[in-house]
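We name chains A, B, ... by the order of the sequence lines, and we start the count at 1 in each one.
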2 protein chains.
Amino acid sequence: MELRHLVHAKSLADEGSFRVAAAKLGLTQPALTKSIQALEAEVGVRLFDRSRKGIAPTAAGAALLRRATGLLDGMADLQAELRAIRGGRLGKVRAGLGPVPAKLVLAPSMERFVRDGMGIEISTEIGSASDLALKVARGELDFLIASLAEDLPIEGIETTLVGTMPLALLARHDHPVLAEGLPGAEALDRFPILGGRIPVTSHRRIAAGGYRPLLACDDYDVIGRVALNSDALVVATPALTRMGWPYSELAPLPLPASWPDDRRVAQLYLATREGKTMSPAAAEVVAEFRRQLDVALI
Amino acid sequence: MELRHLVHAKSLADEGSFRVAAAKLGLTQPALTKSIQALEAEVGVRLFDRSRKGIAPTAAGAALLRRATGLLDGMADLQAELRAIRGGRLGKVRAGLGPVPAKLVLAPSMERFVRDGMGIEISTEIGSASDLALKVARGELDFLIASLAEDLPIEGIETTLVGTMPLALLARHDHPVLAEGLPGAEALDRFPILGGRIPVTSHRRIAAGGYRPLLACDDYDVIGRVALNSDALVVATPALTRMGWPYSELAPLPLPASWPDDRRVAQLYLATREGKTMSPAAAEVVAEFRRQLDVALI
DNA sequence: GGACATTACGCTCTCCGTAATGATA
DNA sequence: TATCATTACGGAGAGCGTAATGTCC
């Protein structure tokens with residue numbers, strides 16, 4: 001017994017005529033006759049009484065039709081659900097974001113998801129890239145967008161480059177360094193430098209260049225507030241200054257010429273679990289995040 | 001999307017391996033691969049992540065499997081119900097019985113249905129053949145077993161002969177007619193005759209023969225009790241005397257030679273609604289009634 | 001190299017359409 | 001005779017099996 005048979009039987013019962021039912025099903029009359037005959041032969045019971053006055057289900061036919069309706073509705077529901085899942089309109093997404101990408105994309109993306117009222121449940125976790133990368137590898141997060149150091153390969157994740165952030169030094173508008181012109185290595189040496197927690201090797205490289213991040217912190221709100229109320233400089237992408245207070249109160253300064261070449265930009269990666277197909281909902285969220293990222297990084 | 005796809009997906013998820021699932025399904029590995037691929041292509045979503053460690057459903061796959069289980073169970077239920085209906089083990093049957101057939105078959109048949117504990121709901125209606133035949137024609141009864149006069153054709157029913165009852169005169173054991181030897185026409189004239197309500201034309205024939213049913217009644221218990229406590233004779237089949245009190249107290253006498261030929265036996269007919277397929281449950285009840293009828297009429 | 005899954009290819013069986021044949025008012 | 005259902009027959013496609021090809025340990 002196939003679903004087709006149920007559809008045919010239901011249509012026949014609804015229309016009360018082989019001819020009409022066949023037409024509505026897009027079949028010819030003989031095809032419907034044979035389909036019903038085959039069904040009756042399979043179940044071994046006559047399902048419809050034929051007469052010139054019309055077609056009427058027998059007791060067995062009525063029993064079949066009662067259940068068929070529910071089954072066909074169930075199939076329709078299943079297909080609708082799969083269509084929604086395919087379209088990324090349904091599902092649960094657990095997203096990981098590094099602190100900077102979170103500041104760049106989270107608010108506008110969330111506004112959009114809320115506004116469009118889609119069926120996606122999103123839970124975001126903001127944290128250090130290495131912590132979250134481990135969660136991705138363990139399947140606790142569907143994906144992660146963060147500044148992953150190339151030299152920190154993590155078992156069980158796949159990465160894709162999704163953006164390159166230029167870096168700059170951010171200083172409060174009335175910072176003394178602005179009055180002194182472009183910051184040379186000496187000037188920088190006089191002020192504390194704030195930034196996110198970065199991989200140990202990068203730390204070493206920067207230290208080798210004579211720069212010392214005084215405050216390494218994953219909370220860029222904290223970093224920004226400190227920069228506003230002190231002489232500290234922030235190493236970050238200038239895009240942050242367009243993302244509202246407190247960074248709107250900071251001005252970007254070019255990095256000094258002596259700044260290490262491989263720290264003049266930060267690479268943003270999308271990390272996913274190896275061998276795991278991303279759900280369409282997750283893909284939809286990733287796409288939205290990347291859109292907002294492109295906007296933020298113009 | 002066909003049920004086969006759901007079965008395949010479920011088996012694959014359960015077994016966690018194409019090879020094992022295919023074997024359990026009685027398929028070859030390539031066939032299962034293609035089936036799953038076709039399903040994924042149709043819904044447009046990857047349903048299973050393949051890796052050497054095994055097969056794991058994606059979010060979409062899990063959603064499909066959740067619903068698939070219910071749908072497949074529903075199909076199994078439907079098929080079981082149809083099997084039960086086909087086997088006559090399930091259904092509602094509304095049976096009509098003439099008064100005599102009712103006395104002959106009802107008690108032993110009901111005992112059997114109750115004893116075997118089948119799923120058939122039987123409701124019986126005992127009454128005059130013509131009343132019940134109308135109900136059959138209107139679809140209010142599934143069938144009727146009664147002594148239908150051939151000359152009383154009713155629109156919309158089909159009849160089948162299911163038995164021939166010899167008729168006799170039944171008299172109480174100490175009835176005066178027994179002392180007088182075989183009842184001649186004259187002897188009969190001296191005693192009232194009781195019988196069921198019979199068609200008008202038969203009435204006329206009997207009257208033409210000089211016989212007059214004094215009490216025409218559809219309740220054979222009443223008739224039997226009257227015969228026990230009076231000099232009345234009952235026109236009925238001798239089989240009744242084997243069906244317990246009060247008929248066990250009556251003795252059969254041969255009909256007199258002058259009794260009309262076409263009233264020496266009564267024909268029992270099965271009447272069903274024209275053009276309506278009898279449900280297997282009804283057919284089962286009919287079969288049981290006919291078995292008991294054969295036993296009663298030896 | 002061995003244990004898997006996937007692709008390639010050919011066969012068969014099912015299902016549908018067209019045409020012919022009832023059946024009934 | 002007209003309308004509807006059923007039977008007869010032929011063709012296209014779906015699904016399976018066998019065999020060949022990847023692919024990862």
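Counting any heavy atom pair closer than 4.0 Å across all strands shown, A:G26 reaches sugar-phosphate atoms only and no base atom.
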Practice problem: Treat primed atoms plus P, OP1 and OP2 as sugar-phosphate and everything else as base, then score nucleotides 20-25 of chain D 5' to 3': B for base contact with protein heavy atoms under 4.0 Å, S for sugar-phosphate contact only, - for none. | Solution: ----SS

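Distance, B:H5 NE2 to D:dA14 P: 11 Å, rounded to whole Å. Rounded to an integer number of Å, the gap from CZ of A:R4 to P of D:dA14 is 13 Å.
Listed by chain and number, the residues in a side-chain contact (heavy atoms from CB on, under 4.5 Å) with B:A84 are B:R89, B:L90 (sequence neighbours excluded). Every residue two or more places apart in sequence or in another chain that forms a salt bridge (charged side-chain N to carboxylate O under 4.0 Å, His left out) with A:R94 is listed here: A:D142. Qualifying salt bridge (charged side-chain N to carboxylate O under 4.0 Å, His left out) partners for A:E274, counting only residues two or more places apart in sequence or in other chains: none. Residues forming a salt bridge (charged side-chain N to carboxylate O under 4.0 Å, His left out) with B:E288 (at least two apart in sequence, or on another chain): B:R112, B:R291.
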Give every donor-acceptor pair under 3.5 Å between a side-chain atom in residues 59-72 of chain B and any protein atom, sequence neighbours left out.
unit_1: B:R67; atom_1: NE; unit_2: A:E81; atom_2: OE1; d: 2.3
unit_1: B:R67; atom_1: NH2; unit_2: A:E81; atom_2: OE1; d: 3.0
unit_1: B:T69; atom_1: OG1; unit_2: B:L65; atom_2: O; d: 3.0

Name every donor-acceptor pair, under 3.5 Å, that has one atom in a side chain of residues 2-14 of chain B and the other anywhere in the protein, sequence neighbours excluded.
unit_1: B:H5; atom_1: ND1; unit_2: B:E2; atom_2: N; d: 3.1
unit_1: B:H8; atom_1: ND1; unit_2: B:S35; atom_2: OG; d: 2.6

Show which side-chain atoms of residues 16-30 of chain B pair as donor or acceptor with protein atoms under 3.5 Å away, not counting sequence neighbours.
unit_1: B:S17; atom_1: OG; unit_2: B:R19; atom_2: N; d: 3.2
unit_1: B:S17; atom_1: OG; unit_2: B:V20; atom_2: N; d: 3.1

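Taking every nucleotide of DNA chain C with any atom under 4.0 Å from a non-hydrogen atom of chain B, the first and last of them, 5' to 3', are C:dC4 to C:dC9.
A donor-acceptor contact shorter than 3.5 Å links the side chain of A:R86 to the backbone of B:V43. Between the A:E42 side chain and the A:M1 main chain, a donor and an acceptor come within less than 3.5 Å of each other. Between the side chain of A:D49 and the backbone N or O of A:T58 there is no donor-acceptor pair closer than 3.5 Å.
DNA chain D is contacted by B:A31, B:K34 of residues 31-49 of chain B, taking any non-hydrogen atom closer than 4.0 Å. The stretch residues 16-25 of chain A touches DNA chain D through A:S17, A:F18, A:R19, each having a heavy atom under 4.0 angstrom from the strand.
If you check the side chains of B:S109 and B:Q292, you find no donor sitting under 3.5 Å from an acceptor.
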Exercise. Please report the C-alpha distance between B:L97 and B:L144 in whole Å, then the side-chain angles of each, then the deciding distance to 0.1 Å, and finally whether the side-chain contact (heavy atoms from CB on, under 4.5 Å) criterion is met.
Key: CA-CA 5 Å; B:L97 286 167; B:L144 163 66; 5.6 Å; no

Quiz prompt | Worked check of salt bridge (Lys or Arg N to Asp or Glu O under 4.0 Å) between B:E40 and B:R50 | solution = CA-CA 13 Å; B:E40 289 179 327; B:R50 287 86 155 162; 3.0 Å; yes

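Counting all heavy atoms, side chain and backbone alike, A:L148 lies closest to A:A129 at CD2-CB, 3.7 Å.
Across its full length, the helix from C:dG1-D:dC25 to C:dA25-D:dT1 shows an angle of 20° between the axes of its 5 terminal pairs at either end, rounded to 10 degrees.
Here CZ of B:F113 is found 13.0 Å from CD of B:E121. Values are rounded to the nearest 0.5 Å.
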